[in-house]
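To start, the structure under review is shown below, and the notes come after it.
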There are 2 protein chains.
Amino acid sequence: MNKNDLRILKTKQNIHLALTKLLKKKALPHIKVTELCREANINRGTFYFHYQEVGDVFKEYYEEVVMDLKESYNEPYRHTVILDPKNLNPKTVRIFHHIKKYEEFYRIILSKEVPLEFYLMLFDEIRSILMEDKHAVLPKEIKDYLYSYSANAIIGLIIEWYRRDFQESADEMNVLLVNILRLKV
Amino acid sequence: MNKNDLRILKTKQNIHLALTKLLKKKALPHIKVTELCREANINRGTFYFHYQEVGDVFKEYYEEVVMDLKESYNEPYRHTVILDPKNLNPKTVRIFHHIKKYEEFYRIILSKEVPLEFYLMLFDEIRSILMEDKHAVLPKEIKDYLYSYSANAIIGLIIEWYRRDFQESADEMNVLLVNILRLKV
DNA sequence: AAATTTAATGTACATATGTTCAATAAAGTA
DNA sequence: TACTTTATTGAACATATGTACATTAAATTT
């Protein structure tokens with residue numbers, strides 16, 4: 001199975017286009033394989049040759065999106081220590097900008113019908129971003145919990161942001177995060 | 001439709017028993033309606049008379065579990081201000097004990113195949129528990145975000161706990177939470 | 001105990017799933 | 001260009017979904 005085979009590239013592109021089209025009409029779990037293939041003008045057998053279920057197609061997208069999140073952290077003005085309010089500069093936090101950029105995408109990720117898997121992918125990604133920060137020397141176990149605590153706390157803000165229909169700007173979210181951290185609750 | 005009709009109670013009980021049995025073998029989304037009805041010895045039409053999908057049966061369980069979580073906060077030694085480390089007494093936090101009590105249940109809730117809906121139910125429940133605490137006077141918007149931040153931070157610990165197979169005791173988790181809050185990160 | 005209500009059953013039907021396989025066509029390779 | 005590889009197709013099959021409805025049986029009500 002040659003990943004660069006033109007036939008495969010075309011097929012996958014058709015499926016991707018069909019999925020984005022269908023996602024505007026209905027939630028991911030309600031999109032049927034049959035429906036997706038009809039929309040993409042490909043045979044159902046071809047679908048099953050590449051994927052197991054509709055969610056797998058979405059996962060391919062998601063990997064691109066996560067790539068963007070990763071890349072946004074490999075730039076010159078790289079952040080230093082995110083979750084230390086003493087050092088935190090709102091501009092250093094890129095996560096909210098990333099979410100805003102892919103807002104339509106995260107509306108799907110955060111909708112209740114969708115498998116937790118996508119949420120956990122976001123969690124792991126944010127967690128690993130936080131792990132790159134230098135933290136005070138702490139026992140490994142505490143650190144593991146601390147990263148999970150902090151990563152999910154940020155997603156907590158994102159959930160609230162989503163529920164408020166992403167009204168606030170990404171910069172406002174960064175200021176909000178700083179304020180919450182300053183509360184030291 | 002009389003909720004107390006013996007026929008309904010029996011049918012639902014059979015379905016519940018069948019689901020718990022099947023859940024020991026496979027993940028929730030892989031349990032088919034047909035399969036569940038075969039196991040419960042009820043007609044498939046009867047199932048669709050009461051539910052839309054297998055997940056709805058699970059939701060009925062979940063409501064009982066959430067009830068327990070709620071009740072654990074209506075007891076004499078009620079907590080005061082959970083997320084203020086200065087006042088926090090590990091014994092006052094009941095969430096981890098609740099999770100441990102329904103460990104098998106939360107293993108399902110936190111497994112990747114399951115819809116985000118169940119996660120969000122837990123989120124909303126913990127969030128509303130935190131909302132009962134008296135916080136310093138803050139603008140409503142900040143408060144909304146703060147509660148989402150704190151509630152999800154706790155679930156972050158629970159995710160990590162789950163991934164470590166719930167090895168730590170609930171008391172150890174409370175101590176851990178206090179330590180993290182004392183770090184003021 | 002008889003009458004009434006309605007949950008549960010059995011059957012049917014159109015559609016979807018997930019898999020298999022031989023035939024075809026479109027790509028890559030010599 | 002001719003040859004080779006393999007992705008795609010189409011057809012078939014067993015099983016599952018979701019809905020509908022007349023019949024049956026088990027409840028509740030009188």
Side-chain angles (χ1 to χ4, degrees), chain A residues 1-61 63 108 111-115 117-118, chain B residues 1-61 63 108 111-115 117-118:
Chain A
M1 174 133 113
N2 174 12
K3 263 193 78 173
N4 298 322
D5 190 313
L6 276 181
R7 290 169 294 183
I8 295 180
L9 292 174
K10 281 179 195 169
T11 297
K12 290 206 165 191
Q13 196 183 347
N14 287 338
I15 295 178
H16 283 176
L17 285 171
L19 183 61
T20 36
K21 190 168 175 186
L22 290 175
L23 275 174
K24 283 170 187 156
K25 293 184 214 158
K26 53 176 79 180
L28 184 62
H30 298 133
I31 296 173
K32 304 293 173 194
V33 172
T34 304
E35 192 179 9
L36 184 60
C37 294
R38 193 166 41 227
E39 186 67 42
N41 286 309
I42 60 138
N43 191 276
R44 209 159 53 82
T46 307
F47 176 89
Y48 283 110
F49 184 71
H50 295 292
Y51 307 98
Q52 310 254 347
E53 48 181 20
V54 179
D56 294 338
V57 184
F58 188 75
K59 227 175 285 176
E60 280 186 344
Y61 276 116
E63 273 151 23
I108 297 167
S111 63
K112 64 179 172 39
E113 307 90 352
V114 150
E117 182 169 18
F118 299 118
Chain B
M1 175 131 113
N2 173 12
K3 263 193 77 174
N4 297 321
D5 190 314
L6 274 181
R7 290 169 294 184
I8 295 180
L9 292 174
K10 281 179 195 169
T11 296
K12 291 206 165 190
Q13 195 183 348
N14 287 337
I15 295 177
H16 284 175
L17 284 171
L19 183 60
T20 34
K21 189 168 175 184
L22 291 173
L23 276 172
K24 283 170 186 156
K25 294 184 213 160
K26 54 176 78 178
L28 185 62
H30 297 134
I31 297 172
K32 305 295 173 192
V33 173
T34 304
E35 193 181 6
L36 184 60
C37 293
R38 193 165 41 227
E39 185 68 41
N41 285 310
I42 60 136
N43 192 275
R44 208 160 53 84
T46 307
F47 176 90
Y48 283 110
F49 184 71
H50 294 291
Y51 307 99
Q52 309 254 349
E53 48 181 21
V54 179
D56 294 338
V57 184
F58 188 74
K59 227 175 285 175
E60 281 186 343
Y61 276 116
E63 273 150 25
I108 296 166
S111 63
K112 64 179 171 41
E113 307 90 352
V114 152
E117 182 169 18
F118 299 119

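Atoms considered below: every heavy atom in the structure, side chains included; atoms not considered: hydrogens, waters and symmetry mates. The chains referred to below are lettered A, B, ... by the order of the sequence lines, with proteins before strands, and numbering in each begins at 1.
Here the P atom of nucleotide D:dA20 and the CZ atom of B:Phe47 are 16 Å apart, to the nearest Å. Nucleotide D:dT9 holds its C1' atom 13 Å from the CG atom of A:Asn41, rounded to whole Å. Computed from coordinates, the B:His50 NE2 to C:dT6 C1' distance equals 11 Å when rounded to whole Å. Here the P atom of nucleotide D:dA7 and the NZ atom of A:Lys3 are 14 Å apart, to the nearest Å. Rounding to whole angstrom units, CD of residue A:Gln13 and P of D:dA7 are separated by 18 Å. Note: CG (A:Asn43) to P (C:dC21) measures 16 Å, nearest angstrom. The CD1-C1' distance, from A:Ile42 to C:dA25, rounds to 16 Å in whole Å. In this structure, B:Phe49 places its CZ atom 20 Å from P of D:dT17, rounding to the nearest Å.
Between the A:Asn14 side chain and the A:Thr11 main chain, no donor and acceptor come within less than 3.5 Å of each other.
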Donor-acceptor pairs under 3.5 angstrom involving side-chain atoms of residues 32-44 of chain A: please list them, not counting sequence neighbours.
{"residue": "A:Glu35", "atom": "OE1", "partner": "A:Lys32", "partner atom": "N", "Å": "3.1"}
{"residue": "A:Glu35", "atom": "OE2", "partner": "A:Lys26", "partner atom": "NZ", "Å": "2.7"}
{"residue": "A:Glu39", "atom": "OE2", "partner": "A:Lys21", "partner atom": "NZ", "Å": "3.0"}
{"residue": "A:Asn43", "atom": "OD1", "partner": "A:Gly45", "partner atom": "N", "Å": "2.7"}

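Over its length, the helix from C:dA1-D:dT30 to C:dA30-D:dT1 turns its helix axis by 30°, as judged from the five terminal pairs at each end, rounded to 10°.
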N/O contacts under 3.5 Å, protein versus nucleotides 13-17 of chain C?
{"residue": "C:dT17", "atom": "OP1", "partner": "A:Val33", "partner atom": "N", "Å": "2.9"}
{"residue": "C:dT17", "atom": "OP2", "partner": "A:Thr34", "partner atom": "N", "Å": "2.9"}
{"residue": "C:dT17", "atom": "OP2", "partner": "A:Thr34", "partner atom": "OG1", "Å": "2.3"}

Identify the pairs formed between an N or O of the protein and an N or O of nucleotides 27-30 of chain D at a distance under 3.5 Å, and give each distance.
{"residue": "D:dA27", "atom": "OP1", "partner": "B:Lys10", "partner atom": "NZ", "Å": "2.3"}

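For B:Phe49 against B:Met1, the heavy-atom pair with the smallest separation is CE2-SD, 4.0 Å.
Evaluation of the ring pair (Phe, Tyr, Trp, His ring centres under 6.0 Å) rule for A:Tyr61 yields A:His16 as partners, not counting sequence neighbours. Partners of A:Ile108 by side-chain contact (heavy atoms from CB on, under 4.5 Å), not counting sequence neighbours, listed by chain and number: A:Leu23, A:Phe58, A:Val114. Remark: B:Ser111 pairs with B:Glu113 by the side chain to side chain donor-acceptor pair (under 3.5 Å) rule, at least two apart or across chains.
The structure places CD of A:Glu117 at 5.0 Å from NZ of B:Lys112, a figure rounded to the nearest 0.5 Å. Atom CD1 of B:Ile15 is separated from atom CG of B:Leu19 by 9.5 Å, given to the nearest 0.5 angstrom.
For B:Thr46 and C:dA7, the shortest distance from a side-chain N or O to OP1 or OP2 is not below 4.0 Å.
Sorted pairs that involve residues 18-40 of chain A and meet ring-ring contact (aromatic ring centres under 6.0 Å, His included), not counting sequence neighbours, are lacking altogether. Sorted by first and then second residue, the salt bridge (Lys or Arg N to Asp or Glu O under 4.0 Å) pairs involving residues 3-20 of chain A (not counting sequence neighbours) are A:Asp5-A:Arg7, A:Lys12-A:Glu60.
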